[in-house]
Amino acid sequence: ADGALSRYPDGARVYALLIAEHTTLPLTARQLHDTGLREVARLQREIEAAWRDSGHAGSLAQWLQHLDSDPRYFHTSGEALLVGYRDIAKRIDPELPRLFAELPRIPYGVRGMPEHFDAGKAEYYEGPALDGSRPGWFNANLRAYAQRPTWGMATLVAHETVPGHHLQIARAVELRELPAFRRDIGFSAYTEGWALYAETLGLELGLYPDAASRYGHLQMQIFRAARLVVDTGIHAFGWSREQAIDYLAATSGLDREHCAAEVDRYTSSPGQALAYMTGQLKIIELRDRARARLGEHFDIRRFHNTVIDQGALPLPVLERSIDDWIAAEAR
């Protein structure tokens, strides 16, 4: 077999269980595949709009090639990359009270990741200690400075630090009225869904002021939408490895080597890649529902705190919680 669950005995049933585990929702492979296709098409239209706004004289493909190759979009050293990440983080911090009623007290830092990692290692977040004795850390790959265009940095910082992983996880750690397991638990659909949603808040925080940084944000969004198509394509719809790599490379604009590694990850860990976009779309759905029902009484700051003030939750539990909050706010 080639790793596709559909080729194994009872594979379809196993994949359905993995979908339920990773998304926490009663979704089918077909529903997720179609959602991915719809979101990819929407984001492609937004990328085309960014290209038109850029004023670039060439085609869309030529503009993307320009973004990937012009030396102006790259730092010349790991130290400069680190300074760039820290600058973005400090630009975000003072804007957060506009979007949150209460913020966590535990700070976060931005540092280079350990020396033993090579340039292929992705940036990652480490959460604070439950007893508050250690801060959160965004670990940046300083060896990869030549592969980290400046236009993609802001959306990454928003995802990994604030308003993304650090804000949500540090808040959970400080919820002392919850038992310890609730302050430390993780559901990918919630935690990764929140971090992906946090990237979209960068639009309100002024993180994407030009066409290039807007593209950086949209590239990461379309990459997560394409995962819905590719993961289900491999495990439910008979896609070959090559077909999956071709689709991911064509839609995300990322290089084939990176896409090949991603496809191998989805093959060996079925369903995990479905969590990100599923969680983000659920949070957006709940925000739109709250705004529609509460009208001028809708408070985005209170909504965001309601989402993060119970620690990580399965998405159906989050939905019930938000519905209860809407009812209370309406009264």
#### Entry: CD/E257: more than 12 non-hydrogen atoms of other groups inside 6.0 Å
no

### Query
Near E177 CD, under 6.0 Å, is it more than 12 heavy atoms from other residues, nucleotides or ligands?
yes

### Message
Taking the basic N atoms (NZ, or NE/NH1/NH2) and the acidic carboxylate oxygens, is any pair closer than 4.0 Å for E204 and R98?
### Response
no

### Query
Does P149 reach the side chain of L67, with side-chain heavy atoms less than 4.5 Å apart?
no

### Chi angles and distances behind the salt bridge (Lys or Arg N to Asp or Glu O under 4.0 Å) call for E102, R171
CA-CA 9 Å; E102 290 185 39; R171 181 66 174 171; 3.2 Å; yes

### Query
Do any N or O atoms from the side chain of H33 and from the backbone of V229 form a donor-acceptor pair under 3.5 angstrom?
yes

### Query
Distance-only, no hydrogens or angles: does the E174 side chain make a donor-acceptor pair with backbone N or O of I106 under 3.5 Å?
yes

### Task
Find out whether the Lys NZ or Arg CZ of R227 is both under 6.0 angstrom from the six-membered ring centre of F223 and within 45° of the ring's axis.
yes

### Message
Under 3.5 Å, is there a donor on one side chain and an acceptor on the other for T251 and Q44?
### Response
no

### Message
For the CZ atom on R105, are there more than 12 heavy atoms of other groups (residues, nucleotides or ligands in this structure) within a distance under 6.0 Å?
### Response
no

#### Entry: Heavy-atom side-chain proximity of E319 to L315 below 4.5 angstrom
no

#### Entry: Verdict with reasoning, H304 to W194, per side chain to side chain contact (heavy atoms under 4.5 Å, CB included)
CA-CA 10 Å; H304 284 150; W194 172 263; 4.1 Å; yes

### Task
State, with a plain yes or no, whether a side-chain heavy atom of I222 is found less than 4.5 Å away from one of E46.
no

#### Entry: Donor-acceptor pair between T155 and Y208 side chains, under 3.5 angstrom
yes

### Side-chain donor/acceptor of Q65 to backbone N/O of Q62, under 3.5 Å
no

### Query
Taking S269 for the side chain and R265 for the main chain, is one N or O donor matched with an acceptor at less than 3.5 Å?
no

### Message
Contact between M153 and T150 at the side-chain level, heavy atoms closer than 4.5 Å - yes or no?
### Response
yes

#### Entry: Side chain to side chain, E160 and H166, heavy atoms closer than 4.5 Å
no

### Task
Decide whether S321 and D324 meet the rule of one side-chain donor and one side-chain acceptor closer than 3.5 Å.
no

### Task
Please find out if less than 6.0 Å separates the ring center of Y85 from that of F138.
yes

### Message
Check for me whether R30 meets the cation-pi criterion with F237, that is, NZ or CZ under 6.0 Å from the six-membered ring centre and within 45 degrees of the ring axis.
### Response
yes

### Query
Does any donor atom in the side chain of N139 or E126 lie under 3.5 Å from an acceptor atom in the other side chain?
yes

### Message
Just by distance, no angles: are the side chains of D93 and Y108 close enough, under 3.5 Å, to form a donor-acceptor pair?
### Response
yes

#### Entry: R287 side chain near R291 side chain, heavy-atom distance below 4.5 Å
yes

### Task
Treat each ILVMFWY residue as a node, draw an edge where side-chain heavy atoms are under 4.5 Å apart, and state whether W137 and L81 are in one component.
no

#### Entry: Distance-only side-chain donor-acceptor flag, E199 / H159, under 3.5 Å
yes

### Task
Would you kindly say whether Q221 and Q280 are connected by a side-chain donor-acceptor distance under 3.5 Å?
yes

### Query
Given the side-chain rings of W151 and Y215, with only the six-membered ring counted for Trp, is the space between their centroids under 6.0 Å?
yes

